[in-house]
Amino acid sequence: MKIEGNQKELDAMEQFHKGNRTEGLKLQEEFAAQFRTEYKEKDHCPCQKACRYHGNCKECVAIHRAHQEHVPNCMRPIINKKIKLLSELTEHTIANEIEPPKEILRK
């Protein structure tokens, strides 16, 4: 099962945007039911970093919500994709103003 960019969930969001909440919720529950079945015993966490909370989204997200310093590693690609789109408005010149933390290695 593909989680990121899952077509059923994309279709659900399309229905929500059209104002068809009932169909959106139906599709969303179908996705969630398939997820629950497929990942009952499998690792679903895309995070590559060794972490005590790997695969335990509920606790991981709670920790990040509590300290509010950064977002979970698994959410960064989604957020970075949105930021990149915004950055296009200024020809990505923001990149010249960003100093990465010491633990982040750039290519």
Side-chain angles (χ1 to χ4, degrees):
M1 173 184 188
K2 178 182 171 193
I3 296 175
E4 280 77 18
N6 180 281
Q7 190 58 54
K8 188 173 292 285
E9 192 56 30
L10 293 172
D11 293 344
M13 291 309 297
E14 182 180 348
Q15 292 303 313
F16 285 127
H17 293 311
K18 287 180 178 178
N20 191 350
R21 184 168 170 72
T22 303
E23 182 63 17
L25 288 171
K26 177 182 163 274
L27 291 168
Q28 196 166 64
E29 181 50 37
E30 287 174 13
F31 167 81
Q34 183 182 0
F35 175 84
R36 284 189 294 268
T37 300
E38 184 145 347
Y39 289 97
K40 188 179 280 190
E41 302 295 328
K42 281 196 246 175
D43 183 9
H44 66 278
C45 185
C47 184
Q48 299 299 306
K49 191 173 183 181
C51 172
R52 181 188 187 297
Y53 303 99
H54 181 89
N56 185 344
C57 299
K58 192 184 288 187
E59 289 181 17
C60 175
V61 169
I63 289 166
H64 286 274
R65 285 175 57 195
H67 65 60
Q68 296 190 357
E69 190 170 308
H70 57 273
V71 297
N73 288 328
C74 64
M75 301 300 286
R76 292 176 188 177
I78 297 166
I79 295 169
N80 284 339
K81 185 176 176 182
K82 301 290 186 184
I83 291 171
K84 186 177 179 185
L85 289 171
L86 285 173
S87 179
E88 287 177 6
L89 296 172
T90 61
E91 289 77 32
H92 303 295
T93 54
I94 188 68
N96 301 325
E97 300 178 34
I98 298 171
E99 183 66 34
K102 292 179 186 128
E103 69 269 15
I104 303 297
L105 303 175
R106 290 199 173 159
K107 296 176 188 172

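None of these values were measured; they are calculated from a predicted model.
For F35, the ring pair (Phe, Tyr, Trp, His ring centres under 6.0 Å) test picks out Y39, H44, with sequence neighbours left out. Applying the ring pair (Phe, Tyr, Trp, His ring centres under 6.0 Å) criterion to H17, with sequence neighbours excluded, gives no partner residue.
A distance of 13.5 Å separates CD in E69 from CD1 in I63, rounded to the nearest 0.5 Å. I98 CD1 to T93 OG1: the interatomic distance, rounded to the nearest 0.5 Å, is 9.5 Å. Note that the CD atom of Q34 and the NZ atom of K8 stand 7.0 Å from one another [nearest 0.5 Å]. Atom NE2 of H64 sits about 8.0 Å away from atom SG of C74, to the nearest 0.5 Å.
Under the 4.0 Å criterion applied to side-chain N and carboxylate O atoms, E30 and K26 are assigned as salt-bridge partners.
Side-chain contact between Q48 and N73: absent, with no pair of heavy atoms (C-beta onward) separated by less than 4.5 Å. Contact of the D43 side chain with the H54 side chain is registered, since non-hydrogen atoms from C-beta on lie closer than 4.5 Å.
Both I78 and I83 sit in one connected hydrophobic cluster of ILVMFWY residues. Membership requires side-chain heavy atoms under 4.5 Å apart, directly or through other members.
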> Between R36 and E29, is a salt bridge (charged side-chain N to carboxylate O under 4.0 Å, His left out) present by the stated rule, with each step listed?
Replying inline: CA-CA 10 Å; R36 284 189 294 268; E29 181 50 37; 2.4 Å; yes
> Would E23 and L27 count as a side-chain contact (heavy atoms from CB on, under 4.5 Å) if you check the C-alpha gap in whole Å, the side-chain angles of each, and the deciding distance to 0.1 Å?
Replying inline: CA-CA 6 Å; E23 182 63 17; L27 291 168; 3.7 Å; yes
>> Let's go through K84 and E88 carefully: what are the C-alpha distance in whole Å and the side-chain angles of both, what is the deciding distance for salt bridge (charged side-chain N to carboxylate O under 4.0 Å, His left out) to 0.1 Å, and is it a yes or a no?
In response: CA-CA 6 Å; K84 186 177 179 185; E88 287 177 6; 6.0 Å; no
> Between D11 and Q15, is a side chain to side chain donor-acceptor pair (under 3.5 Å) present by the stated rule, with each step listed?
Replying inline: CA-CA 6 Å; D11 293 344; Q15 292 303 313; over 6 Å; no
>> I'd like to know whether M1 forms a side-chain contact (heavy atoms from CB on, under 4.5 Å) with N6, so could you lay out the CA-CA distance, the side-chain angles of the two residues, the decisive distance to 0.1 Å, and finally the verdict.
In response: CA-CA 8 Å; M1 173 184 188; N6 180 281; 4.0 Å; yes
